[in-house]
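Worksheet for the structure shown next.
Values below: all heavy atoms of this structure, side chains included; hydrogens, waters and symmetry mates excluded. Letters go in sequence order (proteins before strands), and every chain restarts at 1. Since the structure is predicted, the reported quantities are computational estimates derived from the model, not experimental observations.
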Amino acid sequence: MINELHFSWLVPFFPLIGFLIIGLGRKFLPKPLTGFIGSGVVFLSFLVSLWIFFSVKNGNNYTADYFNFISVDKLIIPFSFQIDALSSLFLLIITGVGFLIHVYSASYMHHESKEHFARYFSYLNLFVFFMLLLVMGSNFVILFIGWEGVGLCSYLLIGYWFKNTEYNYAARKAFIMNRIGDLAFLIAIFWIIAKVGSVNFSDVFATESLHRFSSTDITVITLLLFVGATGKSAQIPLFTWLPDAMAGPTPVSALIHAATMVTAGIYMIARSNVLYSMAPVTQNVVAIIGLATAILAATIALKQNDIKKILAYSTISQLGYMFLALGVGAYSAAVFHVMTHAFFKALLFLGSGSVIHAMSGEQDIRNMGGLSKKIKITYFTFLIGCIAIAGIPPFSGFFSKDAILLSVFEKNPVLYGIALFGALLTAFYMFRLLFITFSGSFRGSAEQKNHLHESPSVMIIPLVILAVLSIIGGFVGLPEVFMQGGDKISAFLSPVIAEHSESTVSHSTEYLLMGLSTFLVIAAIVFAWLKFKNYQRSETQGFGKILENKWYVDELYDKIIVNPLNKLAGFLNSVFEKFIIDGIVNGVGKAVQYSSRQLRLMQSGQVGSYILLMVLSMLLFFVFQFFLRK
Amino acid sequence: MPVNYYIFLSLALFCIGIVGVLTRRNAIIIFMCIELMLNAVNLMLVAFSKMHHLKNAAINASAGSEGQVFVFFIMVVAAAEVSVGLAIIVMMYRNIHSVDINFLNRLKH
Amino acid sequence: MIVVLLILIPLLSGLVTFFLKGGNSAKTCALISSLLTLGVSISGLTIFNNADLLLFKADWLPGLGSTFSIRLDGMGQLLCLLTAVSFPLIFVATWRHEYKNAHNFFALMLLSQAGLMGVFLAMDALVFYFFWELALIPVYFLCSIWGGEKRIQATFKFFIYTFIGSVLMLVGLIYLQSQTESKSFDITAFYALNISHNSQSWIFLLMFVAFAIKMPVFPLHTWQPDTYEQAPTATTMVLNGIMAKMGVFAVIRWLLPVLPFASFAYGETTVTVLAVIGMIYASLLAIRQDDMKRLIAYSSIAHIGLMVIAIFAETTISLQGVMIQMFNHGINIIGLWIIVEIIERKYGTRKMSELGGLAQKAPVMAMLFVIIALANIALPLTNSFVGEFMMFSGIFSSPLFQYELIIVPAAGLCIILAAVYVLKMVQKVLYGNTILLTEMATDIRLNEKVVLGIIVMLIIVAGVYPQPFLDLTKDTTNFILKESNVIHLLKK
């Protein structure tokens, strides 16, 4: 019997077709048609994903081999898709949020010329294709193909406005930093191949092949995979590309650099949760790096003034929380947070796009203020996003963050304390952003003030939908204390993610923790309101200056890696290659020339000397012949 | 008579030839010295061929004739050489009015 | 007979082209001949793919123990296909280039193609040597007559290097012949050789130096950037796209199975160390280049270095990776050279600092350039990814290597560095604002679009569905591994 998920290949197929049509027809297609095709194909994928989701919910699973990508010797790498709970959930997020962002883009990018508009949509569709490949692949290689593919699209879209040199540098930086992670990922794959001889998830995670790994193997493989994840998901030490990636158009930041691509690292680790559960060392590393990133990014976000940069650091920080959850073994909580984060962060980014749109391209929040009256819907949706990310019940962020915090508390109360502090910071910087932007008085130029306007409905509708999702999205993962069996998402993911959900924390403690975090968050918001409701521009000093300059991490990397490498390359190029290697070669040539010049002098032209030499050499031969030979 | 006498004689002739070639500058004398060396070799060949095949001579009259044949070869070659060489020297004398080989260093330039 | 045609068509048409008058007829003749060769090569893969047709033997120099024996095996098929595909692409892409004495130019190119075909087909060491030289000698003339400003100097360097290499190789081959039982140059006799480890090691050094110069491997590479820079771009495409593979190919066919113990002994030590150093070194140098030609030249050194390591890893997967990568790298690099040729012809410079903003003016070229550049950094779903993935994977799981944990990450650094220099090139040439030079730029012409389009198609097809290529080289790989398996030999 044909499995009803047999048609799941349609999900990535539609965006690919969209990419081809738009990419090849970019000279002929009118803009509305391009926008329609671009969004339409993603919507079709979304419909198929919905169908897949409900089918999976009924306990259906599906793996399909289409052809052998590489089949050599004993190693067979099939090009195959795997549909299960984890991938179906990601499919929904990618196509759902992706569709909304496509629709939004059609309006946001309307001032671009026809060809560039089409270029934009073709990249976006290609991105969706690769992202779907990433989550649907049934082995590490297909996952990796999607992984690098989304990196490519990210590169192309960050550098979308290619006339701007700075944007190009940002794009290059993103690609190269991702490559560093990708190398680690690749080595992990090679390691798995060397040990198991297969890259299929089903083979690698099978019990008998797990026995073939020594504990060192597991630790190193998981660590390498994690390094790969730090590249893609912008964690310490490879996080500096993400803020620069804001050079791309805002919908791109929403789709790629907030909702989907950057969560690929979480997907990958959640997918390999079997391995991670066997490597406690790695888990600790993941948890600590995640938490450190969360706090570091949150502190930087406190002092940024570019609306998109604040959101970018907020994304890094939230990703840090997800890694923290992965590190303490709460995989489904991490995935839950991926989902809610996709809703509210996409909302926030699109909202910021709407703000930037209204402000005619201005991104510095110091030049904004008092916008709440002019762009009401944007303001309300943005407010909802802020509440959701801050974690106030019953908005979605509260539930997912609470799930993470609870798991962390079970594991280690100290980590919990730090994570809670991070949550405070989150609330503070988000509401700082909100108040500086929307309340107080307008600080921009008069021209901007006249131009202030609410965005068209094509941009507003996705905002509203995402706002609704940000409100209700959390109800799929209600804590067990609220409702027996309320944590539907863990139950849904349980076939893929094996975790012991036996809570050791008593109900009263759990209520206490929730109350505590809610109270602290509200306190932080109030503090932010007091401080920023009438924001006035002022110079930051002292510690604030360090934060404003992002802890000087970029400068540090430049100093210890980029510059020495450049200098070394320069030295090799202008000194070593020229004088040593080529010098040796030319030296041999010169030596030959010199010695031949000297030997030439022996040719005196005197017949007598030639004969003398002849006689002497003959004598020499005789001497050899008679005395030296044995 | 032992072969040693012949060897010494021919060695002496050969050395005279070499020294002559090396020390003299007159092309004709050098030429004569070369002839002297050739004849020293000839003498050697004849002596060896006679002495070496002494035992076989009783049985086979033509034993050791290879050495004698070589001598004829050398004499023929030497004759040819003299005719060419002397012609060259005559040409040389006509051109530079000298047979001194030290003037013959054109190769150097 | 197919195999004879592969050599004869370019050889005869090359000789004919010498006597043609006028550039256009020579060009046309060259193109037709190369298309014919391509047709023959493809038919050898498909309809005439049976062992009898792919084999040819004739008496040549019986006194020396050499017969004119040529055969197409899997690896040969792949490389002959590369040669056959490349030449028409090169001719079409450089169609608008005006050469002085064009008939001589095209004749020499065709002769070189004949030599290359012979190298990939030869099953007799002397025949191999003969064609090796036949492929190289036309290139000397091509470089020294039609090259850039410093062509004489560069060609002289190239000549000395390759000539030393050839002589060393000849010495090695003659010694090997003297050791065979039947005093024969035949490849089977060579494979049956059983030489002491001591002589293996010095013969290995002689012959490896010869092949390493051709590839090139650090530190024997200094001829390469100069020559690539100075040679006419069409010749550079041949040099880099195909001739660099001659060295790799020769190591696989004439070194690994013939001298298995030395290959094992030097494989992980000398060779790998040099290759890894060379990879990183060349990548770093590539970052600093301003001339596109030199950048590509150095990037090629880095890519070839990986192939060298993968050969000596001696696993099925790494060796098959090398074979498919030879093909892929040839295609990609020819694509890059074509782009350089177009840019240089149009704007008169190859310096990246003098270019910029071409993406606005020439979007089609920009798109194709980006795809080819990405293929060069082995992005998944392009052809190089398959090859590099397999090579790395093979190196990592090689039973012969003890230090794969150092080798793979060190060589892997080049993946990152490759992204640095390739993206730098893309950015400097395509992106940014237009400058005076590129203000009036136009997009590429139809013939260039077609050629680059074909290359991009090959890149993607071989990147998405590489299995036919892998199947092609499977038997050769297994055969070579069997012949060079040290453990197996020791037991015997």
Quiz item: Where is the tightest heavy-atom contact between C/Thr382 and C/Ala375, given as atom of each residue plus distance?
Solution: OG1-CA, 3.6 Å
Self-check item: Largest heavy-atom contact set with chain A, pairs under 4.5 Å, which of C/Ile377, C/Leu430, C/Asn478
Solution: C/Ile377
Practice problem: Report the option among A/Asn178, A/Asn566, A/Ile145, A/Asn168 that has the most heavy-atom pairs separated by less than 4.5 Å from atoms of chain C. | Solution: A/Asn168
Self-check item: Best-contacting candidate, A/Ala194, A/Ser71, A/Gly197, against chain C by heavy atom pairs under 4.5 angstrom
Solution: A/Ser71
Quiz item: Any side-chain heavy atom of A/Met268 within less than 4.5 Å of one from A/Trp147?
Solution: yes
Quiz item: Looking at C/Thr315, C/Val370, C/Leu379, C/Leu381, which makes the most heavy-atom pairs under 4.5 Å with chain A?
Solution: C/Leu379
Exercise. Quick one: which of C/Phe385, C/Phe392, C/Tyr281 has the most heavy-atom pairs under 4.5 Å with chain A, could you say?
Key: C/Tyr281
Exercise. Could you tell me which portion of C/Val426 (side chain, backbone, both or neither) has an atom closer than 4.5 angstrom to a non-hydrogen atom of chain A?
Key: side chain
Quiz item: What residue, out of A/Asn586, A/Ile176, A/Asn164, A/Thr165, has the most heavy-atom pairs lying under 4.5 Å from chain C?
Solution: A/Ile176
Quiz item: Of the backbone (N, CA, C, O) and the side chain (C-beta and beyond), which part of A/Arg26 lies under 4.5 Å from a heavy atom of chain C, both, or neither?
Solution: side chain
Practice problem: May I ask you to name which of A/Ile70, A/Asn68, A/Ile193 has the most heavy-atom pairs under 4.5 Å with chain C? | Solution: A/Ile70
Self-check item: Which atoms of A/Phe69 approach chain C - backbone, side chain, both or neither, heavy atom under 4.5 Å
Solution: both
Practice problem: Using a cut-off of 6.0 Å, state whether more than 12 heavy atoms not belonging to C/Lys449 lie near its atom NZ. | Solution: yes
Quiz item: Side chains of C/Ile301 and C/Pro216: does their closest heavy-atom pair fall under 4.5 Å?
Solution: yes
Exercise. Let me know if C/Glu404 has heavy atoms under 4.5 Å from chain A in its side chain, its backbone, both or neither.
Key: neither
Exercise. Measure distances from C/Leu423 to the heavy atoms of chain A and classify the residue's part below 4.5 Å as side chain, backbone, both or neither.
Key: both
Practice problem: Heavy atoms only: give me the nearest A/Ser80-A/Asn139 pair and the separation to one decimal. | Solution: OG-ND2, 4.1 Å
Quiz prompt | Contacting region of C/Gln320 [heavy-atom separation from chain A under 4.5 Å] | solution = side chain
Practice problem: Go through the atoms of C/Lys424 and report whether side chain, backbone, both or neither lie under 4.5 Å from a heavy atom of chain A. | Solution: both
Practice problem: Indicate, with yes or no, if the rings of C/Tyr465 and A/Phe67 have centres closer together than 6.0 Å. | Solution: yes
Exercise. Return yes if some donor-acceptor pair links the side-chain N/O of C/Asn383 with the main-chain N/O of C/Ala462 below 3.5 Å, else return no.
Key: no
Practice problem: Working to the nearest 0.5 Å, report the span between CD1 of A/Ile21 and CG of A/Leu24. | Solution: 9.0 Å
Practice problem: Can you tell which part of C/Ile395 gets under 4.5 Å to a heavy atom of chain A, answering side chain, backbone, both or neither? | Solution: neither
Quiz item: Is the gap between the ring centers of A/Phe129 and A/Phe19 under 6.0 Å?
Solution: no
Practice problem: Report yes if the distance between the aromatic ring centroids of A/Tyr167 and A/Phe162 is under 6.0 Å, otherwise no. | Solution: no
Quiz item: A/Leu152, A/Leu565, A/Leu156: which one forms the most heavy-atom pairs within less than 4.5 Å of chain C?
Solution: A/Leu152
Quiz item: C/Ala282 versus chain A, heavy atoms under 4.5 Å apart: side chain, backbone, both or neither?
Solution: neither
Quiz item: With a 4.5 angstrom heavy-atom cut-off, which part of A/Ile584 approaches chain C: side chain, backbone, both or neither?
Solution: neither
Quiz item: Tell me, side chain or backbone of A/Leu572 under 4.5 Å from chain C's heavy atoms, or both, or neither?
Solution: both
Self-check item: NZ/NE/NH1/NH2 to OD/OE distance under 4.0 Å, C/Lys293 and C/Asp226
Solution: no
Practice problem: Measure A/Ile180 against the heavy atoms of chain C and call it side chain, backbone, both or neither at under 4.5 Å. | Solution: both
Exercise. Identify which of C/Leu220, C/Ile415, C/Val386 forms the greatest number of heavy-atom pairs closer than 4.5 Å to chain A.
Key: C/Ile415
Quiz prompt | Student check: side-chain heavy atoms of A/Val141 and A/Phe79 closer than 4.5 Å | solution = no
Exercise. Heavy-atom distances under 4.5 Å only: say whether A/Phe576 touches chain C with side chain, backbone, both or neither.
Key: both
Quiz prompt | Test: A/Arg179 and A/Glu148 ion pair at under 4.0 Å | solution = yes
Quiz prompt | C/Phe469 and C/Phe327: CA distance, side-chain angles, deciding distance, ring pair (Phe, Tyr, Trp, His ring centres under 6.0 Å) verdict | solution = CA-CA 9 Å; C/Phe469 295 95; C/Phe327 183 82; 5.2 Å; yes
Self-check item: Region of A/Trp191 in contact with chain C, defined by heavy-atom distances below 4.5 Å
Solution: both
Quiz item: Below 6.0 angstrom between ring centroids: does that apply to A/Phe81 and A/Trp9?
Solution: no
Self-check item: Pairs of heavy atoms under 4.5 Å with chain A: top-ranked of C/Asp471, C/Ile317, C/Ile160, C/Leu417
Solution: C/Ile317
Exercise. Specify which of C/Trp223, C/Phe389, C/Tyr298, C/Phe218 makes the most heavy-atom pairs with chain A at under 4.5 Å.
Key: C/Phe389
